[in-house]
Student: 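Sharing a structure, written as structure tokens. Questions coming.
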Amino acid sequence: MVIPPPHRPPARLTDRFGRPLGSLRLSVTDRCNMRCGYCMPEESYVWLPRESLLSFEELDRVAGIFIGLGVGKVRLTGGEPLLRHNLPVLVRMLAARPGLSDLALTTNGILLGENAVRLRQAGLRRVTVSLDTLRAERMLAFARVSRHGDVLAGIEAARQVGFVGAGGGLKINSVIIRGFNDDEVGDLLEFARARGLELRFIEYMDVGGATRWRLEDVVTRAELLQTVTARFGTPEPVPDPAAPSAPAERFRLADGTSFGIIASVSAPFCATCDRSRVTADGTWLTCLYAERGVDLREAIRMGRSDNEIGDLIAARWRERNDRGAEARLALPDRGILYQVEGLREDPRREMHTRGG
Ligand code: SAM
């Protein structure tokens with residue numbers, strides 16, 4: 001009788017610094033219905049050709065290959081992901097994948113009100129809404145859109161359909177920029193606190209697209225903590241050993257309200273970064289600051305098998321040595337990452353294409 005060899009789980013895939021391939025940002029569109037000053041400040045953009053966008057079947061297949069390699073978390077992003085027609089259909093496909101422990105969506109909230117029920121029913125459990133100001137006129141000036149009321153209604157709709165409570169189902173992201181919204185740090189935290197939501201302050205990053213970026217406009221983690229302390233008292237750090245690669249450092253106020261700070265500029269988290277991202281046209285990037293990516297769309301459309309594509313991804317991940325945010329921090333003269341011409345040459349360099 002032949003005794004079968006004992007079943008061994010596949011070896012954990014890690015990069016050159018021992019970082020696992022843990023989470024994936026899947027961009028579903030490069031289009032956006034906002035023009036935030038830190039992301040899309042130009043008058044016109046070069047868009048990805050429509051026929052190059054991955055279909056839902058292709059996106060689901062890509063996600064499946066990554067899940068097979070150990071990815072447990074997928075976040076849908078863009079552009080504005082809710083501009084992708086019928087997004088809940090993709091959510092349902094992904095939510096049905098057994099290996100996926102966490103499926104989330106990042107949105108500007110404008111279309112969340114009309115989609116919240118379908119997203120929830122499709123199996124989405126976590127939503128992050130970007131909200132940088134509580135003042136409609138500021139949003140109009142900064143993001144060139146007058147739909148502040150829709151964003152607030154979207155947040156409310158998400159709460160109503162159950163995106164709240166344990167596990168932090170609904171979060172708010174606020175990018176704080178000097179001279180734009182740095183006087184709203186306390187009010188934004190109060191807004192989230194009053195609704196039982198977790199807010200994450202994000203330092204203004206010099207990513208592609210941020211062509212107006214200046215180091216002096218970055219409101220750092222240290223300043224954010226000072227402002228919060230002045231209004232709410234000293235927050236207590238909340239270490240989360242269960243999430244060693246989470247980008248946000250978490251804190252708790254005396255009343256139990258927790259919030260986070262994503263200090264990508266002043267205190268990058270490259271050492272524990274397990275994230276990679278796929279653009280809407282199937283380019284896989286192993287760092288937000290990466291110059292180039294791996295073309296998965298070509299591999300898919302050339303008829304490569306899941307195993308072949310998985311091998312391609314695994315080989316690249318084993319070689320990964322990106323520490324993009326740390327490299328930026330080490331620069332003596334830190335300016336913008338790309339001039340507009342460089343972004344037009346390759347729109348995959350844009351933050352709205354590679355997904356935040
Ligand atoms: N449209 C969706 C949204 O607004 O959340 C998803 C895409 S957006 C590119 C994802 C996140 O990236 C948002 O929270 C946005 O605030 C953030 N982001 C874009 N440019 C940024 C920058 N220069 N610095 C920091 N965060 C940025």
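Atoms within each ligand, like the ligands themselves, are counted from 1 in listed order.
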Student: When you measure from atom 27 (C) of ligand 1 to each heavy atom in Glu203, Arg212, Met351, which option holds the nearest one?
Tutor: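 Closest candidate by heavy-atom distance is Met351.
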Student: Under a heavy-atom criterion of less than 4.0 Å, does Glu80 contact ligand 1?
Tutor: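 Contact present.
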Student: Note the single closest protein heavy atom to atom 11 (C) of ligand 1, along with its residue, its atom name and the distance in Å.
Tutor: Gly356 CA, 4.0 Å
Student: Does the side chain of Thr77 pick up a donor-acceptor pair with the side chain of Arg277 at under 3.5 Å?
Tutor: no
Student: Considering only the protein, which heavy-atom contact is closest to atom 26 (N) of ligand 1, and what is its distance?
Tutor: Val175 CG2, 3.4 Å
Student: Identify the closest protein heavy atom to atom 24 (N) of ligand 1: which residue and atom is it, and at what distance?
Tutor: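 Here the closest protein heavy atom is Met205 N, 2.9 Å.
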Student: What do you reckon, does Met34 put a non-hydrogen atom under 4.0 Å from ligand 1?
Tutor: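 In this structure, Met34 fails to qualify as a contact of ligand 1 - no heavy atom is under 4.0 Å.
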Student: Can you say whether the rings of Phe180 and Phe142 are parallel (under 30°), tilted (30 to 60°) or perpendicular (over 60°)?
Tutor: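 Correct class here is parallel.
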Student: Within the 4.0 Å heavy-atom shell around Ser130, which atoms of ligand 1 are there?
Tutor: 3 (C), 4 (O), 5 (O), 13 (C), 14 (O)
Student: Under 4.0 Å from a heavy atom of Thr77: which atoms of ligand 1 are those, numbered in the order shown and with their elements?
Tutor: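 Listed by number with element: 6 (C), 7 (C).
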Student: Go through the side-chain N and O atoms of Glu198 and Ser258 and say whether any donor and acceptor fall under 3.5 Å apart.
Tutor: yes
Student: Could you check whether any heavy atom of Gly79 sits closer than 4.0 Å to an atom of ligand 1, since that is the contact criterion I want to use?
Tutor: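 The answer is yes, since Gly79 has a heavy atom less than 4.0 Å from ligand 1.
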Student: Of all the atoms in ligand 1, which lie at a distance below 4.0 Å from a heavy atom belonging to Asn108?
Tutor: 2 (C), 3 (C), 4 (O), 5 (O)
Student: Return the closest protein heavy atom for atom 16 (O) of ligand 1 as residue, atom name and distance.
Tutor: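 Residue, atom and distance for the closest contact: Tyr38 OH, 3.0 Å.
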Student: Identify the heavy atoms of Ala63 and Leu26 that sit nearest to each other, and give their distance.
Tutor: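 Minimum heavy-atom separation between Ala63 and Leu26: CB-CD2, 4.3 Å.
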Student: Assess whether a salt bridge exists between Asp132 and Arg138, defined as any Lys/Arg side-chain N lying under 4.0 Å from an Asp/Glu carboxylate O.
Tutor: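 A salt bridge is absent here (no side-chain N lies under 4.0 Å from a carboxylate O).
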Student: If you compare all heavy atoms of Leu329 against all heavy atoms of Pro268, which two are closest, and at what distance to 0.1 Å?
Tutor: CD2-CD, 3.5 Å
Student: Could you tell me, atom by atom, which parts of ligand 1 come under 4.0 Å of a heavy atom of Asn173?
Tutor: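 Those atoms are 14 (O).
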Student: Start with the C-alpha gap between Val228 and Phe201, add the side-chain angles, then the distance that decides, and say whether side chain to side chain contact (heavy atoms under 4.5 Å, CB included) holds.
Tutor: CA-CA 11 Å; Val228 169; Phe201 295 112; 4.1 Å; yes
Student: Would you say Gly355 touches ligand 1, if touching means a heavy atom closer than 4.0 Å?
Tutor: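 For ligand 1, residue contact (heavy atoms, under 4.0 Å) with Gly355 is absent.
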Student: Which part of Thr107 is near ligand 1, with near meaning a heavy atom under 4.0 Å away: side chain, backbone, both or neither?
Tutor: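 Thr107 to ligand 1: backbone contact only, side chain stays beyond 4.0 Å.
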Student: For Cys270 and Arg328, what are the C-alpha separation, side-chain angles and deciding distance, and is it a side chain to side chain contact (heavy atoms under 4.5 Å, CB included)?
Tutor: CA-CA 11 Å; Cys270 300; Arg328 299 291 300 161; over 6 Å; no
Student: Taking all heavy atoms of Val89 and all of Arg118, pick out the closest pair and write down the distance.
Tutor: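 Minimum heavy-atom contact is CG2-NH2, 4.3 Å.
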